[in-house]
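Everything below concerns the one structure shown next.
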There are 2 protein chains.
Amino acid sequence: MKQHHKLARGHLSTEDWEEAALELIANQGVGALAVEALARQLGVTKGSFYWHFSTRQALLQAALERWERYGEREILEQIEAIPCPQQRLPELFHRVAQELRTHQVYAALLKALDHPQVMPVMARVSQRRTDFLNKAYREAGLSAAEAINRARLTYAAYVGFLQLHFTLGIAHLNQKEFDAYVEHTMVTLIPS
Amino acid sequence: MKQHHKLARGHLSTEDWEEAALELIANQGVGALAVEALARQLGVTKGSFYWHFSTRQALLQAALERWERYGEREILEQIEAIPCPQQRLPELFHRVAQELRTHQVYAALLKALDHPQVMPVMARVSQRRTDFLNKAYREAGLSAAEAINRARLTYAAYVGFLQLHFTLGIAHLNQKEFDAYVEHTMVTLIPS
DNA sequence: CGCATACCATACGCGAAAGTATGGTATCGT
DNA sequence: ACGATACCATACTTTCGCGTATGGTATGCG
């Protein structure tokens, strides 16, 4: 039973390391995830790390899976709870447009799609979200053929925007411009 | 005068290294660009490399700038040569949809947006292309506000699709499905 | 003919980060 | 009270890829 009151003091748990790893990834990218650096940031040394994890890859894997589990749930469930199908897509666009932290991690992982451990996670997440969009578009009245393509287009636009906005600094929009952009995408991509 | 008949044989030129670097980047990503590996692939050793380039970064920089110079020119110039502005956007979509090699490099660089040398190059390229799209949309009749947002949306969709298709293997479309997708994006994103 | 230049091979130095070995301290259960 | 367990520090070894040093060969030029 690993239930030994970790709230007590000073001691770090496995989850603490995973959270810290995600934090570091969000800020400095996957490439910057080094064990000595992370340990320093947590005020400890490697000795601590290698007690919790067998290897560096293990930490990355754990952090990614953690993000994959807890990163989506909320929004998608809230959207599915909306009774009127016609209202789901607009609400989804709005909600997504307000997140930040989640997008930071997502953008950081997109930049690191090179990494063999990151790629499959992103593939799964993207597949699920595209499926979700597909369903939403069908419910909004599009045909099967239209819905799947529109879902791909929409999600591609989302992914691409993260790159352009966060990583590349293109479209460095202020709040007003950003709102206008979101409005434009909704008008363009959501069937009336 | 660096004109010493390099055609002779066996000897490599600076451009040969740059091309080989781009080839390797297209296939295995920026992270795999190591000098010893590249040298092996060219049938020589490091000794040769460090005669042509002072450092590994220098090669990457040269390869990136080379790609930046020669990668775009063709298509954009061809599009601008089209007399009727209304026809430019459809033609652009079609032409882009047929490229391959260019997209492979572009996708590989997108995966490596982490890298400090890659990022500014991609930022410049993306900015120019977005500007180009913006102009095209204006000529197609959109208002200034609409054109800029539609340009962002279109280019974001392009970037995102490369990620989903090439890197993540989502939307693993065959030719027929791909054509249908392109057609859908044109109908959705190009003003009638 | 012979030297200079261009191109390449071989062998080594070196720094950064991963992983290992080992020992120290605090806390908890009994 | 005391031993076991959980957590962490320190010092070390290993690996990998960059860069350097230096010497070898071929080709064009005077």
Side-chain angles (χ1 to χ4, degrees), chain A residues 1-25 27-64 108 112 114-118, chain B residues 1-25 27-64 108 112 114-118:
Chain A
M1 302 309 157
K2 290 216 167 180
Q3 216 37 18
H4 47 85
H5 314 168
K6 66 173 169 42
L7 312 179
R9 242 309 42 87
H11 285 27
L12 297 172
S13 73
T14 299
E15 283 111 26
D16 292 332
W17 283 94
E18 296 173 2
E19 282 294 336
L22 286 176
E23 185 70 25
L24 196 153
I25 287 174
N27 294 330
Q28 305 175 242
V30 177
L33 183 60
V35 342
E36 306 206 45
L38 189 59
R40 248 194 315 280
Q41 182 176 307
L42 285 173
V44 293
T45 65
K46 301 192 333 182
S48 171
F49 175 85
Y50 284 101
W51 190 90
H52 293 283
F53 299 91
S54 64
T55 170
R56 187 203 109 114
Q57 294 186 11
L59 168 65
L60 217 199
Q61 197 63 37
L64 290 176
D114 243 350
H115 202 292
Q117 290 182 263
V118 173
Chain B
M1 301 304 165
K2 288 220 168 178
Q3 218 34 19
H4 47 87
H5 313 168
K6 67 172 168 43
L7 311 178
R9 233 346 358 120
H11 285 27
L12 297 172
S13 72
T14 299
E15 282 110 27
D16 292 331
W17 283 94
E18 296 173 3
E19 282 296 336
L22 286 176
E23 186 69 25
L24 196 153
I25 288 174
N27 294 330
Q28 304 176 243
V30 177
L33 183 60
V35 340
E36 306 205 42
L38 190 58
R40 247 193 318 278
Q41 183 176 307
L42 284 173
V44 292
T45 65
K46 303 196 325 185
S48 170
F49 175 85
Y50 282 101
W51 191 91
H52 293 284
F53 299 92
S54 63
T55 170
R56 186 202 109 113
Q57 293 187 10
L59 168 66
L60 217 198
Q61 196 64 37
L64 291 175
D114 244 351
H115 201 292
Q117 290 182 264
V118 173

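Order of the sequence lines sets the chain letters (A, B, ...), proteins ahead of strands, with each chain counted from 1. These numbers were taken from a predicted model, which means no experiment stands behind them.
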Test of understanding: with ring-ring contact (aromatic ring centres under 6.0 Å, His included), list the residues that count as partners of B:Y50, not counting sequence neighbours. none
Rounded to the Å, how far apart are A:L60 CG and C:dA18 P? 11 Å
To the nearest Å, how far apart are B:F53 CZ and C:dC7 C1'? 14 Å
What's the NE2-P distance between B:H52 and C:dT5, to the nearest Å? 17 Å
Under 4.0 Å, counting only non-hydrogen atoms across every strand here, what does A:T55 touch: a base, just sugar-phosphate, or nothing? sugar-phosphate
Round to the nearest Å and state the distance from B:Q57 atom CD to D:dG17 atom C1'. 13 Å
Tell me whether the rings of A:H52 and A:W17 are parallel (<30°), tilted (30 to 60°) or perpendicular (>60°). tilted
For DNA chain C, what residues of residues 34-46 of chain A have any heavy atom nearer than 4.0 Å? A:A34, A:V35, A:E36, A:K46
How long is the line joining CZ of A:F49 and P of D:dT10, in whole Å? 18 Å
Residue B:W51, side-chain atoms from C-beta onward, closest of C:dC7, D:dA9, C:dG19: C:dC7
When rounded to whole Å, the NE2 to C1' distance for the pair B:H11 and D:dT27 reads 8 Å
Name the residue closer to the 5' end of DNA chain C, choosing between B:W17 and A:Y50 according to the nucleotide with the nearest heavy atom. B:W17
Quick one: side chain to side chain donor-acceptor pair (under 3.5 Å) partners of A:Q61, sequence neighbours excluded? A:E65, A:Q117
